[in-house]
2 protein chains.
Amino acid sequence: MRYAKPWWYKRMIEEGIKFTLQRKLILDVLNRTKKHLSAEEIYFIVRKFYPNIGFATVYRTLDLLTKIGIVIKLNFGDGRMRYELAEKENASHIHLICKNCGKVFEDGGDENEKIKEIEKNISSRYNFKVENLKIFFMGKCENCQKGGD
Amino acid sequence: MRYAKPWWYKRMIEEGIKFTLQRKLILDVLNRTKKHLSAEEIYFIVRKFYPNIGFATVYRTLDLLTKIGIVIKLNFGDGRMRYELAEKENASHIHLICKNCGKVFEDGGDENEKIKEIEKNISSRYNFKVENLKIFFMGKCENCQKGGD
DNA sequence: AATGATAATGAAAATCATTCTCAATTAGGA
DNA sequence: TCCTAATTGAGAATGATTTTCATTATCATT
């Protein structure tokens, strides 16, 4: 076999859910992009390959995949949820959201050490079992700082 | 004068926006509660004191106050935004969200030192001017860990 | 390959938080 | 007090997400 199945394929089988064409296509879209796509955007991209797909399927699939940890659901405050593929490492990257232009940047993971420490402290202090975390820094990006307002 | 005006009063005057009764009542609610209230919840509480207040006023006020930094708008993933009064210190507390029961806990601020460091690194690495930040740890709370699934 | 049980899908309607519109009211300065 | 702009309330509108339900696909067994 030339191409190995992607890691999410295995996870889905483990979970006992089916790796249908629609789910595959949605995951392919998430896998190829670097952006944080909304359900609607994903819908329109998948539609090019599979014009019959329904809106509900996209939402259901994204929810399902979020529930089992294959996908991460993010809210950047623009009124719609956005989705990204969960990567095994680097699960705790920081999102920088520019309040001015709305662009979202991601930290490469340089702060992971420190985040891990915080996570450990929190876990033991509150007896809280951390499964994943989200860190948003809101402010003004380089460009918008120059550009005036 | 027996009671000094609260800090948000000054801020509002500075900003040139009016300290109307409706706005006062909404702020009072936020000031008294320890919970993270939704717009709807705030609406119903204010209604007890001022039955005529409109839904739109609550939303408008919360948006306005969020914009000038008196209020913080949070999304815990339960489909509605939630609001809290911005406290001057402790602005960067960590929210712990239990995926099982939905309860939200807050860290007292013990990690503030480390968070500040991360913030500083990010700022200089990306030339991003951090104005405020949100940190969510999702997982399972003490109670739900015992209680089974 | 046909069958049956179950999971998944598509289309449309329903939901529900939030935003908009606009006429009426209010507040604060001239 | 009068004027003007800001604020408000009611209800309609919006728009993302969910639900419903009839249909279809999947997979393990015959």
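Letters go in sequence order (proteins before strands), and every chain restarts at 1.
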Problem set entry | From CA spacing to verdict: side chain to side chain contact (heavy atoms under 4.5 Å, CB included), B/I17, B/R23 | CA-CA 10 Å; B/I17 65 176; B/R23 289 170 181 171; 4.1 Å; yes
For this session: Check step by step if side chain to side chain contact (heavy atoms under 4.5 Å, CB included) holds for A/I72 and A/K134.
Result: CA-CA 10 Å; A/I72 295 174; A/K134 295 180 183 172; 4.1 Å; yes
Exercise. Should B/L85 and B/I70 be marked as a side chain to side chain contact (heavy atoms under 4.5 Å, CB included) after you check the CA-CA gap, both sets of side-chain angles, and the distance that decides it?
Worked result: CA-CA 6 Å; B/L85 204 50; B/I70 292 178; 4.0 Å; yes
Problem set entry | Steps toward side chain to side chain contact (heavy atoms under 4.5 Å, CB included) verdict (A/I122, B/L96) | CA-CA 9 Å; A/I122 293 279; B/L96 312 180; 3.5 Å; yes
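Nucleotides of DNA chain C lying under 4.0 Å from heavy atoms of chain B occupy a range whose first and last members, 5' to 3', are C/dA17 to C/dT21.
Within residues 14-39 of chain A, the residues that have a heavy atom under 4.0 Å from DNA chain D are, in order of number, A/K18.
Taking a cutoff of 4.0 Å between a charged side-chain nitrogen and a carboxylate oxygen, B/E41 and B/R82 qualify as a salt bridge. B/K67 and B/E15 are not joined by a salt bridge, as no carboxylate oxygen comes within less than 4.0 angstrom of a charged side-chain nitrogen.
Comparing B/E40 and A/G54 against DNA chain C, the residue whose closest nucleotide sits nearer the 5' end is A/G54.
In this structure, A/N52 does not reach the D/dT24 phosphate: none of its side-chain N or O atoms is under 4.0 Å from OP1 or OP2.
For the residue pair A/H95 and A/V104, the shortest heavy atom distance occurs at CD2-CG1, 3.9 Å.
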What pairs of nitrogen or oxygen atoms, one from the protein and one from nucleotides 18-23 of chain D, lie under 3.5 Å apart?
from, atom 1, to, atom 2, distance (Å)
D/dT20, O4, A/R60, NH1, 3.4

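Aromatic ring orientation, A/F55 versus A/Y43: parallel (interplanar angle below 30°, classes split at 30° and 60°).
Side-chain atoms of A/K140 never come within 3.5 Å of backbone atoms of B/E131 as a donor-acceptor pair (strictly under, hydrogens ignored).
Of the N and O atoms on the side chains of A/N121 and B/E111, at least one donor lies less than 3.5 Å from an acceptor on the other residue.
Atom CD1 of B/I53 and atom P of D/dT7 are 14 Å apart (whole Å).
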